Amino acid sequence: MRTTLMTLALVAVTGGSAAAQTRMPVSYQARPLTLPRGTLRPDVGFNLASYPGPGERHERFYTYFGLGAGVTSDFELGALVVPLELAPDFDYGDGGVGLPPAVTPWFGHNRPEIYGRYRFVDEEVVEIGVDLRLVLPAPDPFFLIVGVPFLFHAGDIVRIDTGFHLATDFDDRTNAFLPFVLSFNPTERFFLGLDSGLWVRGPDVPLGFFVGGTLGRPLVDLKGGVRMVDAEHGFRTWQIWFTADFFVFL
């Protein structure tokens, strides 16, 4: 009798976690547009950017810490709370070159940011949502970003992230970004992909390549890549980046 009661208690305590793990696929290709309900995603990343300057090249090294949470199966909230420049100067949220929002949860890696995402289409092949992001002053002006992300699941190994994002500071800086990220899962726990897109004002076309792997259960995604900020100018301005996403099931 005591054994039966202990078993039932363990099932009651761990049932939510097991259910969350079941809802979060191991394969990167099969991941949903929004985090499953009761899932936390702490993430940390590093970004080395090199760009031409007067007379010489400049390198800047950033790190960040963020957190996302699945409030419901269709609604996700998150915040980038610790964006730091580590070199050549140590500073908090000091602008710089970011990554497209389809490669990581964040619009950049160098400004404090809060966001909400709601998924209103959830089909086997396509998922569509709406994003609202606030990029906070630190020290640059406040930015509002509104987006409509699209996620396509093409077969068992291919994933396409795209959509439309409009960023504005309600003054003289407004731009639209159309991301395009093509990912493949050759095996369940290994993925690789191509990330690109279009910044309409410029125009600029970033182009990069990334690889990643999924470890453990609970899941941890490790991924990194190299990227030209504008393919037209080649590696005049480039990034090398790495991220680690941890999925915690409540």
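Bear in mind the structure is a predicted one, so any value in this text is a computation, not a measurement.
With Arg159 contributing its side chain and Tyr28 its backbone, the two residues share a donor-acceptor pair below 3.5 Å. With Gln29 contributing its side chain and Gly155 its backbone, the two residues share a donor-acceptor pair below 3.5 Å. Distance alone, capped at 3.5 Å, is enough to place a donor-acceptor pair between the Arg31 side chain and the Val26 backbone. Using a distance-only test at 3.5 Å, with no hydrogens or angles considered, a donor-acceptor pair links the side chain of Thr63 to the main chain of Gly45. In this structure, Glu113 contributes its side chain and Leu134 its backbone to no donor-acceptor pair below 3.5 Å. With Ser73 contributing its side chain and Arg37 its backbone, the two residues share no donor-acceptor pair below 3.5 Å. A donor-acceptor pair under 3.5 Å links the side-chain atoms of Arg189 to the main chain of Thr214, judged by distance alone. Between the side chain of Glu127 and the main chain of Leu33, a donor-acceptor pair closer than 3.5 Å is present. Although no hydrogens or angles enter the test, the distance criterion places a donor-acceptor pair under 3.5 Å between the side chain of Thr162 and the main chain of Pro179. Proximity of a side-chain donor or acceptor of Ser196 to a complementary backbone N or O of Pro206 within less than 3.5 Å is detected.
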Apply side chain to side chain donor-acceptor pair (under 3.5 Å) to Arg117 and Tyr115, showing your working. CA-CA 7 Å; Arg117 169 175 288 184; Tyr115 77 91; over 6 Å; no
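Looking at heavy atoms from C-beta onward, Pro42 lies in side-chain contact with Phe65 at the 4.5 angstrom threshold. Side-chain contact between Pro186 and Ile157 is absent, with no heavy atoms from C-beta onward closer than 4.5 Å.
Using modelled atom types, one finds a donor on one side chain and an acceptor on the other under 3.5 Å when comparing Glu59 with Ser50.
Separation of atoms CZ (Phe75) and CZ (Phe120) is listed at 14.5 Å; rounding is to 0.5 Å. Here Ser183 contributes atom OG and Phe210 contributes atom CZ; the two are 3.5 Å apart, rounded to the nearest 0.5 Å. To the nearest 0.5 Å, the span separating CZ on Phe61 from CG on Asp89 amounts to 14.5 Å.
For Thr72, the side chain to side chain donor-acceptor pair (under 3.5 Å) test picks out no residue, with sequence neighbours left out. The ring pair (Phe, Tyr, Trp, His ring centres under 6.0 Å) search around Phe247 returns none, not counting sequence neighbours.
Nearest heavy atom pair, residue Leu198 against residue Pro203, reads CD1-CB, 3.9 Å.
Ring geometry for Phe242 versus Phe46: interplanar angle under 30°, hence parallel rather than tilted (30 to 60°).
Hydrophobic clustering places Ile160 together with Ile128 (ILVMFWY residues linked when any side-chain heavy atoms are closer than 4.5 Å, directly or through intermediates).
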